[in-house]
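Reviewing the structure listed below.
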Amino acid sequence: MGQSNDLTKEDCKETSSVVVCFGEMLIDFVPMVGGVSLAEAPAFKKAPGGAPANVAVGISRLGSSSAFIGKVGADEFGYMLADILKQNNVETSGMRFDSNARTALAFVTLRADGEREFLFFRNPSADMLLQESELDKDLLKKARIFHYGSISLIDEPCKSAHLAAMSIAKNSGCILSYDPNLRLALWPSADAARKGIMDIWDQADVIKISEDEITFLTGGDDPYDDNVVLKKLFHPNLKLLIVTEGSQGCRYYTKAFKGRVSGVKVKPVDTTGAGDAFVSGILHCIASDQTIFQDEKRLRKALYFANVCGALTVTQRGAIPALPTKEAILQFLLEAAVI
């Protein structure tokens, strides 16, 4: 646990291995002023959102190859989102456009008490209507890592498309990466959310969860208790389980070792997208070096890199605009006298 996390330019190298991200992409509407409820907000600013899409952009910014598979509406917002991915060098051949459903919208605010408030417009939205027949199977077969969340598991036909995509990726020797990204308001009930998230749990090779998600998934157990994590959430097929702790850093669990990597101190402006930036950082490292599952020293360096990705993201507003480049991270490390 006391090993160095010092990074060199050789760590987490750029790679041509493709990371394919599957799921939702939508428009977030965020208030022009902070600390108010949605009802009190005088005006809203639109921003691209959706965790899988954020991760795809984050990976591309770090110099790795990424692609996005998902569905948006054949509308102005849908075309705008596709353009944003293209501008960020994310492969979009797996995107589909639905002429009968709109691109999803989400109104998001950070209230004065620090809690986020969500209001979703998805009845149904295009992302929920992706069909198995619309999957880009060639793209899935060439992926090194297939990353997904749980929102795409809530409704059919997207759920069947999601499960089929996982199967194709797994059979092609791909690493499966899962960030449940719990959004309770979108599920029919808490029990449905728990079951839906856990039903595919044992298929993932890499899982990233938050402390709140541990409490939810275990029915109220202590998220800081290693025994809870190992007995209830670690499974035999898992290569790496990561528990994120916000600014405090993260914990990691593999079959051979477990430990903690401290966070990075920055002045937060907006926490939106920090978890997605963290995921981008660790998947970027795994794509270029799969030995990190067996090498604790290299894993700790990769997790520190991911912590820096998350930290730099909270210093700017918005998710996609704030996702850091490899250069920004190396500059930060230089200034922090880590290198």
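In this chain, numbering begins with 1 at the start of the sequence shown.
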Between [X] and [Y], is there shared hydrophobic-cluster membership here, with clusters defined by ILVMFWY side-chain heavy atoms closer than 4.5 Å?
| X | Y | result |
| --- | --- | --- |
| Val269 | Val108 | no |
| Val72 | Ile320 | yes |
| Leu26 | Ile154 | no |
| Ile59 | Met25 | no |
| Phe121 | Trp187 | no |

Would you call [X] and [Y] a side-chain contact if the rule is heavy atoms closer than 4.5 Å?
| X | Y | result |
| --- | --- | --- |
| Lys159 | His162 | no |
| Asp226 | Lys258 | yes |
| Glu211 | Thr215 | no |
| Asp205 | Leu240 | no |
| Leu38 | Phe29 | no |
| Ile207 | His235 | yes |

TODO: State whether Tyr252 and Arg300 meet the cation-pi test: NZ (Lys) or CZ (Arg) under 6.0 Å from the six-membered ring centroid, and within 45° of the perpendicular axis.
DONE: no

Short question: side chain of [X], backbone of [Y] - any donor-acceptor pair under 3.5 Å?
| X | Y | value |
| --- | --- | --- |
| Thr254 | Ala256 | yes |
| Ser66 | Ala56 | yes |
| Tyr178 | Ile209 | no |
| Trp201 | Leu233 | yes |
| Lys267 | Thr315 | no |
| Lys170 | Gln203 | yes |
| Ser150 | Leu153 | no |
| Arg122 | Ala104 | no |
| Glu213 | Leu217 | no |
| Ser65 | Val18 | no |

Is it the case that more than 12 heavy atoms not belonging to [X] sit under 6.0 Å from its [atom1] atom?
| X | atom1 | answer |
| --- | --- | --- |
| Lys45 | NZ | no |
| Tyr224 | OH | no |
| Arg102 | CZ | no |

Identify each donor-acceptor pair in which a side-chain atom of residues 271-278 lies under 3.5 Å from a protein atom, sequence neighbours left out, and give them as a table.
| from | atom 1 | to | atom 2 | distance (Å) |
| --- | --- | --- | --- | --- |
| Thr272 | OG1 | Asp270 | OD1 | 2.8 |
| Asp276 | OD2 | Asn54 | ND2 | 2.9 |

Of all heavy-atom pairs between [X] and [Y], which one has the smallest distance, and what is that distance?
| X | Y | value |
| --- | --- | --- |
| Cys174 | Ala169 | CB-O, 2.9 Å |
| Glu24 | Ser152 | OE1-N, 4.3 Å |
| Ile282 | Ala302 | CD1-CB, 3.7 Å |
| Phe68 | Val90 | N-CG1, 3.8 Å |
| Gly281 | Leu62 | CA-CD1, 3.8 Å |
| Asp28 | Gly49 | OD2-CA, 3.6 Å |

- [ ] Take Glu327 and Gln331, measure what side chain to side chain donor-acceptor pair (under 3.5 Å) needs, and give me the verdict at the end.
- [x] CA-CA 6 Å; Glu327 292 70 32; Gln331 183 62 36; over 6 Å; no

Task: Side-chain cluster (under 4.5 Å, hydrophobic types only) that Val33 belongs to, other residues - done: Val36

- [ ] Take Phe234 and Lys255, measure what side chain to side chain contact (heavy atoms under 4.5 Å, CB included) needs, and give me the verdict at the end.
- [x] CA-CA 9 Å; Phe234 199 88; Lys255 290 188 184 77; 4.1 Å; yes

Open item on the list: Run Ser125 and Asp127 through side chain to side chain donor-acceptor pair (under 3.5 Å) and show every step you take.
Closed with: CA-CA 6 Å; Ser125 53; Asp127 60 290; 2.5 Å; yes

For residues 129-136, please give each side-chain donor-acceptor pair under 3.5 Å, one per line with the distance, not counting sequence neighbours.
| from | atom 1 | to | atom 2 | distance (Å) |
| --- | --- | --- | --- | --- |
| Glu134 | OE1 | Lys71 | NZ | 3.1 |
| Glu134 | OE1 | Gln131 | N | 2.9 |
| Glu134 | OE2 | Lys71 | NZ | 3.2 |
| Asp136 | OD1 | Asp138 | N | 3.4 |
| Asp136 | OD1 | Leu139 | N | 3.0 |
| Asp136 | OD2 | Ser93 | OG | 3.1 |

Open item on the list: Can you confirm whether or not the ring centre of Phe118 sits under 6.0 Å from the ring centre of Phe107?
Closed with: no

Task: Residues Glu245, Arg260: salt bridge by 4.0 Å N-O rule - done: yes

Open item on the list: Regarding Ser60 and Asn89, do their side chains bring together a donor and an acceptor under 3.5 Å, going by distance alone?
Closed with: no

- [ ] Indicate the ring-plane relationship of Phe305 and His284, choosing parallel, tilted or perpendicular according to the 30° and 60° boundaries.
- [x] parallel

